[in-house]
Amino acid sequence: PDQFDVLLSGGRGGGKSTGLVLLMLRDVLRFGRGFNGALVRRDLAGLRKLQREIEDQIAVTPELAGSHFVTSAKEFRFSNGAVLFLHYLKDEQSFSRFQGQDISHCYIDESGQIADPAPILRLRSSMRTTMPGLTPRMILTCNPNNAGSYWHFENFISKMVPWQPTHIELFQKQCVLVHSTLFDNP
């Protein structure tokens, strides 16, 4: 449901990043001009891989024909008016690109690589929209045993049962979590 943020957590190679791209493109198709999204990751190389995956999906989705990536702006402009910014987010200083932006959807791939949740909380503060029927939403993916594993464990993993959606309050919004494996060492 759109009123919940989502964390996709579990071991490497489970398809979390691909799932993230598919959820994002579903939202692009659903909300059109009302979609002003951000796809962030801590590193540029991983972001480029996601860019290629999005381009591959656009190529096989007739409804997205004419959509393109604008290299100078580091954003996708979709044929239905949706916009998706691609940017790295490693610390609070890298937030400046989003200062003053109204972000309807935020997708954070490998959020466990971000050691401190402060930049994510700051990005959350830019999530708003005036489009009726659209609820701002954040979707995160993470693997265990990364720099930010401690805050993922404290805020998410320790509060849930594997393979069962769990509702918790975080970032002043309810989150739905689906976790496939437990952390051995947070």
Side-chain angles (χ1 to χ4, degrees), residues 1-9 16-42 47 50-51 53-55 57-58 61-111 114 117-142 151-152 155-156 165-178:
D2 289 332
Q3 70 268 27
F4 297 110
D5 287 343
V6 176
L7 170 69
L8 303 171
S9 172
K16 296 177 299 296
S17 296
T18 297
L20 182 81
V21 166
L22 294 174
L23 285 170
M24 184 266 308
L25 289 174
R26 180 196 70 159
D27 290 341
V28 163
L29 289 167
R30 289 172 59 212
F31 297 112
R33 290 196 184 288
F35 180 95
N36 193 40
L39 174 61
V40 298
R41 201 180 148 121
R42 187 179 183 281
L47 205 51
L50 290 171
Q51 175 189 338
E53 191 164 343
I54 293 168
E55 289 169 336
Q57 290 297 325
I58 288 172
T61 307
E63 298 88 351
L64 295 176
S67 301
H68 61 282
F69 185 72
V70 180
T71 305
S72 61
K74 296 183 186 106
E75 67 188 32
F76 277 97
R77 293 187 186 155
F78 294 94
S79 54
N80 65 357
V83 176
L84 177 70
F85 301 103
L86 274 63
H87 196 55
Y88 67 92
L89 185 73
K90 62 180 179 177
D91 53 30
E92 284 199 74
Q93 287 73 35
S94 56
F95 171 79
S96 63
R97 169 142 193 220
F98 300 104
Q99 190 71 39
Q101 291 284 338
D102 291 343
I103 304 293
S104 65
H105 292 79
C106 183
Y107 306 88
I108 304 176
D109 192 43
E110 298 292 352
S111 60
I114 301 170
I120 294 174
L121 291 170
R122 193 135 184 239
L123 187 56
R124 184 78 170 122
S125 72
S126 292
M127 294 185 67
R128 55 191 167 267
T129 183
T130 57
M131 182 179 177
L134 193 154
T135 302
R137 184 176 200 193
M138 183 177 280
I139 300 177
L140 304 95
T141 70
C142 74
W151 66 265
H152 282 82
N155 291 291
F156 303 114
T166 303
H167 300 266
I168 63 169
E169 285 287 327
L170 186 70
F171 306 145
Q172 290 129 7
K173 186 173 177 182
Q174 282 198 350
C175 299
V176 174
L177 312 166
V178 180

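For clarity, every value in this text was computed on a predicted model and none was experimentally measured. Excluded from the calculations below are hydrogen atoms, water molecules and symmetry mates; all remaining heavy atoms, backbone and side chain alike, are included.
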Inset, instruction - Might you point out which heavy atoms bring S104 and G34 nearest each other, and give the distance in Å? - result: OG-O, 3.5 Å

Legend entry - Minimum heavy-atom distance D109-S17, with the two atoms named: OD1-OG, 2.7 Å

From [X] [atom1] over to [Y] [atom2], what is the distance, rounded to the nearest 0.5 angstrom?
| X | Y | atom1 | atom2 | result |
| --- | --- | --- | --- | --- |
| L25 | L20 | CG | CG | 9.5 Å |
| H87 | L47 | NE2 | CG | 9.0 Å |
| H68 | F76 | NE2 | CZ | 10.0 Å |
| S67 | I54 | OG | CD1 | 11.0 Å |
| M127 | N36 | CE | CG | 10.5 Å |
| E63 | S79 | CD | OG | 9.0 Å |

Inset, instruction - Would you check, one step at a time, whether the test side chain to side chain contact (heavy atoms under 4.5 Å, CB included) holds for I114 with I120? - result: CA-CA 9 Å; I114 301 170; I120 294 174; 4.0 Å; yes

Contact between [X] and [Y] at the side-chain level, heavy atoms closer than 4.5 Å - yes or no?
| X | Y | answer |
| --- | --- | --- |
| V40 | L123 | yes |
| H105 | L134 | yes |
| Y107 | D27 | yes |
| F31 | T129 | no |
| R137 | D5 | yes |
| L39 | V21 | no |

Tell me if a side-chain donor or acceptor on [X] pairs with a main-chain N or O of [Y] at a distance below 3.5 Å.
| X | Y | result |
| --- | --- | --- |
| D102 | R128 | no |
| N80 | V28 | yes |
| T141 | E110 | yes |

Legend entry - Flag for Q51-E55: side-chain donor and acceptor within less than 3.5 Å: yes

Inset, instruction - Using distance alone, with no hydrogens and no angle criterion, decide if D2 and T135 have a side-chain donor and acceptor under 3.5 Å apart. - result: no

Inset, instruction - Hey, can you tell me if F35 and F78 have their rings parallel, tilted or perpendicular (30° and 60° cut-offs)? - result: perpendicular

